[in-house]
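Presented below is the structure to which this report refers.
Throughout, a chain's letter reflects where its sequence line sits, starting with A, and its residues are numbered from 1.
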Protein chains: 2
Amino acid sequence: MLSRKTKYGLKALCFLARREGNDPVQIEVISKAENISQKFLESILLTLRKAGYLGAKKGKGGGYYLLDKTRKTPIAAFYRVLEGPIAMVPCVSLNFYEKCEDCPDEDHCSVHNLMIQVRDNTLSILENTSLSDFIDNQMT
Amino acid sequence: MLSRKTKYGLKALCFLARREGNDPVQIEVISKAENISQKFLESILLTLRKAGYLGAKKGKGGGYYLLDKTRKTPIAAFYRVLEGPIAMVPCVSLNFYEKCEDCPDEDHCSVHNLMIQVRDNTLSILENTSLSDFIDNQMT
DNA sequence: TATTATCCTATGGGATTAGTAGGGTTTGCA
DNA sequence: TGCAAACCCTACTAATCCCATAGGATAATA
């Protein structure tokens, strides 16, 4: 299940992407528009800034704004930063791989092989949907 | 991420499905073959029995065995019993639907619409892979 | 300098996970 | 009948994660 953190993060990115122009937007504005706890959102936006997807401006007239590349960034990237691995099992994760202790041979593990299929299908969506695609999505 | 419970449950089902015949198998045998804590596995198999996928025989020579229909049952069914919803967000779950408090309009929510796609893709795999298919899987 | 807004660390309650403990109950067999 | 094998069931716990809040530090603007 998607954590609230990820869900809120994606909603905030959406909110920024839907705006005309790219002026900084205060946390409070986003949190009220999207019904998100302000303090919690604060930490989420901070994470996204550190990951290089958002810029921030302090002081009066400050706030968060999208960086240029962010609109073209696939949802998969945000997902990995906010939620972690996309794979359902560490042994099929591309970016967070870990071997299972209980499993002597991955190639012959049914769970492993099925979860590779699930991962590839999910990835095909999350990697091929950019933030721009994502906001168009809302009208379909 | 898949819980150990689900992973162990699927492995145990696999183990039973790969056997010739359908004699009861003791928990201990499965737990040793698959490197699973015996007591934990015990509770998992109990869940699967109550859900109607396994039979059990008590006393000497007893153990767990597959019911007839179980080989034809899709992995999605086991998943729902062991792990819960397949959807990543309750608002796109078919079997465990819940409305989001923060979201005024699902149809115009980007997250909602994206997660429907992910759900449909995942479902297409989990619903179309039966336990029989699943064990063949290991050799591909 | 005063105000505004992000930055950052720490903390805490609640839920979930992955077991563990310790019996109880039923069955088969000698 | 009696014993041991094997499942049945409840309760508990340690660890971890999630969601959120608090409060001050820092930086930018006017």
Compare side-chain N and O positions of A:Ser37 against OP1 and OP2 of D:dT21 and report whether any pair is under 4.0 Å apart. yes

Backbone N/O of A:Lys72 and side chain of A:Ser132: donor-acceptor pair under 3.5 Å
no

Steps toward side-chain contact (heavy atoms from CB on, under 4.5 Å) verdict (A:Tyr79, B:Met88): CA-CA 12 Å; A:Tyr79 190 101; B:Met88 302 191 79; 2.8 Å; yes

Notebook entry, point to check: Taking atom types as modelled and ignoring hydrogens, do the side chains of B:Ser93 and B:Glu98 form a donor-acceptor contact shorter than 3.5 angstrom?
Noted result: no

On DNA chain D, more 5' by nearest nucleotide between B:Gly63 and A:Gln38 is B:Gly63

d(A:Ile125 CD1, A:Ile86 CD1) to nearest 0.5 Å is 11.0 Å

A:Leu41 atom CG is separated from D:dA20 atom P, nearest whole Å, by 11 Å

Between the protein and nucleotides 27-30 of chain D, which nitrogen or oxygen pairs are less than 3.5 angstrom apart?
residue: D:dA27; atom: O4'; partner: A:Lys58; partner atom: NZ; Å: 3.2
residue: D:dT29; atom: OP1; partner: A:Lys57; partner atom: NZ; Å: 3.0

With sugar-phosphate taken as primed atoms, P, OP1 and OP2 and all else as base, the protein-contact string of nucleotides 9-17 of chain D at under 4.0 Å (heavy atoms; B, S, -) is B--------

In the 5' to 3' direction, the nucleotides of DNA chain C bounding the stretch that comes under 4.0 Å of a heavy atom in chain A are C:dT4 to C:dC8

Do the side chain of B:Asn22 and the main chain of B:Leu66 share a donor and acceptor less than 3.5 angstrom apart? yes

### Message
Main chain of B:Leu126, side chain of B:Thr129: is a donor-acceptor contact present, judged purely on distance under 3.5 Å?
### Response
no

### Message
Salt bridge check, A:Arg18 against A:Glu34: does any charged N sit closer than 4.0 Å to a carboxylate O?
### Response
yes

Got a donor-acceptor contact below 3.5 angstrom from the B:Asn113 side chain to the B:His108 backbone?
no

5'-most contact on DNA chain D (nearest-nucleotide basis), A:Tyr8 vs B:Glu28, goes to B:Glu28

Between NZ of A:Lys7 and P of D:dA20 the distance, given in whole Å, is 10 Å

Does A:Thr70 reach the main-chain N or O of A:Tyr53 with its side chain, forming a donor-acceptor pair under 3.5 Å? yes

Would you mind classifying the nucleic acid contact of B:Val29 as base, sugar-phosphate or nothing, using non-hydrogen atoms under 4.0 angstrom?
nothing

Is the backbone of B:Cys103 close enough, under 3.5 Å, to the side chain of B:Lys99 for a donor and an acceptor to pair up by distance? yes

Inset, instruction - Looking at every strand, decide which applies to B:Leu45 at a 4.0 Å heavy-atom threshold: base, sugar-phosphate, or nothing. - result: nothing

Under 4.0 Å between a Lys/Arg side-chain N and an Asp/Glu carboxylate O for B:Arg4 and A:Glu101? yes

